[in-house]
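The block underneath contains the structure these notes are about, expressed in structure tokens.
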2 protein chains.
Amino acid sequence: MAVTIKDVARESGVNVSTVSRALNGEYGVHADTREHVVAVAQRLKYRPNRVARGLVTGRSHTLALVVSDIRNPFFAEVARGAEDAAYRAGYDMLLCNSDLDAEKQMRYAQSLMEKRVDGILMNSVSALSKKQQEQLSGLGVPTVLLNRTAPRSAFSTVCAENEAGGAMAAEYLLKLGHRKIAHLTGPRHHGNMTERAKGFVARLAAARQPVRPEVLHGTNDFPGGVDLARKLMAQNPDVTAIFAASDMMAFGAIRALMEAGRRIPDDVSVMGFDNVELASIVHPPLTTIHQPKYEMGQAAVEILLRLAGRGEHQAPEHRVFGVELVERQSCMERKA
Amino acid sequence: MAVTIKDVARESGVNVSTVSRALNGEYGVHADTREHVVAVAQRLKYRPNRVARGLVTGRSHTLALVVSDIRNPFFAEVARGAEDAAYRAGYDMLLCNSDLDAEKQMRYAQSLMEKRVDGILMNSVSALSKKQQEQLSGLGVPTVLLNRTAPRSAFSTVCAENEAGGAMAAEYLLKLGHRKIAHLTGPRHHGNMTERAKGFVARLAAARQPVRPEVLHGTNDFPGGVDLARKLMAQNPDVTAIFAASDMMAFGAIRALMEAGRRIPDDVSVMGFDNVELASIVHPPLTTIHQPKYEMGQAAVEILLRLAGRGEHQAPEHRVFGVELVERQSCMERKA
DNA sequence: CCTATAATCAAAAACGTTTGCAACGTTTAT
DNA sequence: ATAAACGTTGCAAACGTTTTTGATTATAGG
């Protein structure tokens, strides 16, 4: 039905191998024949079957991005950066939503390597057991982990300076004169979030007059923020500043605080982490720690492409991105 | 290197064809041999090469979603619905960001059919010329258009009741007593946005005391909303209600109004369209027209799967989803 | 006991490419 | 003049499946 390389060969009176070489711009075919073949191919509207090509070359020119949920604006931004980089290199990108579900994650991984993807960009493997992680890295397909420092594993990684970011937040809140401080974060052992907390409390503890923040664990999303903020108001009504481990949690906290009649930043200052687009849209505009999401996605596929290039020889690569505080209007000096 | 069907055949002492049938659960292989083959395959950790399979079957078990930008929360939601449906059916989904750029869109389309995707879910083809559209539909791969009523073309479509939604907004604003009304929308001839505007002005004109809204065209995003709202305040400072054709534009408008010292909803009421997650997060929570984004994505791939199932015989399918007004706190009765 | 039928499997032909190797004619070096 | 080298092309094998066809056996019926 579709026109194949054989049709082009027959029509232009040469062998299929010559057509292949001509069309792929390989060395060793006369300029005249190449020209002729190209013309015929164009006339017949020939389009190579990449599946067939993939079978013999062993490469699919396809990457995969597996995130917990593309609706999370953080991942959407990363995805865009990744896809742009892939597109530029002539690669396509599969999208997978894992919900951080271990079984789903493994099923995806299986399917992806059955399709011979050239590389996988994964959000997190924290839900996976040690054995599953080994199984994954044993698949032999280049993999880079996002927002995860895994120095000793076979995986490459791309992440932000989470710990430094936490410290920056602490520094800022301290500078504004806050002493009663809380930290709202995700589940325990959440990788990068844990790091943020670590940097935050460490910096607070290192102050001239050390402060021990209240840290509450919950789910890393809007409802989680609402929930934790309510809990906080119940048990520690006198906090004047809150640092949330993600913007979404910060939004939730703001909602809960407003509903309780607290003014922001007048009564309580709120900080986030990520700097998603909405951070500048909400009211009040959120002061937060920016991490370069787009660039991180981009960098991840660049690593992937490098890894996929050199066949077996894959020493993992690691890349960490700087963060910066972007000051908006959700924080102010503590009233005297 | 990887273990192939031949290895399984050799190891279990049968022919490859038998292995294939056994593993695919086809008729005509003895229960004992099937059992044995399955056991061997499991022991060898055999994973079928889907590229090879795709070459002979002609199906890739892959769908493609091409949207203008996955960072748009509307598309993220659609994408999630689509991907979930695809996953359930054992399909993978490619993600493409077109930026509504015609050339990029065509390049994607080419690449996708070279990879033999089984179906394409496209955001819009409005940027494409007539000729390009024909070229696209001539590709022979099932395609469903999102948010586009294209009754006469070869494409299937999934969209929301845009016109009715616009009318609902008008009705609501009218009921609140507003008479000086503006509509902020996207570029002219933007398909679904045009329909929203149409329903909106029509309903307004049909009122007992007809009102002619001010309608301004701009870009369909946050900055566009900011921009248009500023323009509006300059030329029509006395409007008391604004209906934006998308939530993102509404957010922009809110920002501009607030910066100008207008209170919402006290001074001016604002409505959006889409009901993205943020709509309930921003302050004030946005009154908007909800469209079932997740379900629309889902429905789109269901259609795609049906189309892909029956080979050539593809009569286009059309599905339109109802919308509903969700009332929050960005609108109030016009002061007497 | 022989044949018709069904069940099970093996053999081989596809699917559409890429690619190593041989063949060929022409030029260059010896 | 002959051999070597080179540039251009064809031939055929490979990639890992599915699927069609055909062969072999077992089962049953007459």
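We name chains A, B, ... by the order of the sequence lines, and we start the count at 1 in each one.
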Quick one: is D/dT17 close enough that its OP1 or OP2 comes under 4.0 Å of any side-chain N or O from B/T57? no
Pair B/D92-A/S111, side-chain donor/acceptor within less than 3.5 Å: yes
With heavy atoms under 4.0 Å as the rule, sort B/R21 into base, sugar-phosphate or nothing. base
Need one value for B/R59: base, sugar-phosphate or nothing, where a base atom within 4.0 Å counts as base even if backbone is also close, heavy atoms only. nothing
Can you measure B/E35 atom CD to C/dC9 atom P for me and round it to whole angstrom units? 13 Å
Between CZ of B/R47 and C1' of D/dT17 the distance, given in whole Å, is 16 Å
Salt bridge or not between B/R306 and B/E317? Use side-chain N to carboxylate O under 4.0 Å. yes
D/dT19 phosphate, OP1 or OP2, under 4.0 Å from B/S17 side-chain N/O: no
DNA chain C: A/A52 or A/E26, which has the more 5' nearest nucleotide? A/A52
Starting at the 5' end of DNA chain D, which residue's closest nucleotide do you reach first, A/A31 or A/V16? A/A31
May I ask you to decide if A/S156's main-chain N or O and A/R319's side chain share a donor-acceptor pair within less than 3.5 Å? no
Rounded to whole Å, NE2 of B/H30 lies from C1' of D/dT27 at a distance of 14 Å
Remember a base hit wins even if backbone is also touched, and classify A/V14 as base, sugar-phosphate or nothing at under 4.0 Å, heavy atoms. sugar-phosphate
Please give, in whole Å, the distance from C/dG16 C1' to B/L55 CG? 6 Å
Is it the case that B/Y294 and B/D84 place a side-chain donor and acceptor less than 3.5 Å from each other? yes
Please state whether the phosphate of C/dC9, meaning OP1 or OP2, lies under 4.0 angstrom from any side-chain nitrogen or oxygen of B/N15. no
What is the distance from CE of B/M113 to P of C/dG16, rounded to the nearest Å? 12 Å
Would A/D99 and B/R80 pass as an ion pair if we require N to O under 4.0 Å? yes
Angle class for the B/Y91/B/H61 ring planes (parallel below 30°, perpendicular above 60°, tilted otherwise)? parallel
Scan A/R34 against the nucleic acid and name what it touches under 4.0 Å (heavy atoms): base, sugar-phosphate only, or nothing. nothing
Just N and O in the side chain of A/T4: are any of them under 4.0 Å from OP1 or OP2 of C/dC15? no
Taken to the nearest whole Å, CG/B/L23 to C1'/D/dT19 is 16 Å
Under 4.0 Å from OP1 or OP2 of D/dT9: is there any side-chain N or O of A/Y27 that close? no
In whole angstrom, give the distance that lies between atom CG of B/N49 and atom P of C/dT17. 17 Å
Integer-rounded Å distance: D/dT17 C1' and A/R53 CZ: 20 Å
Phosphate-side-chain proximity, A/N24 and C/dT18, N/O vs OP1/OP2 below 4.0 Å: yes
Just call it for A/S20: base, sugar-phosphate, or nothing, with non-hydrogen atoms closer than 4.0 Å on any strand. base
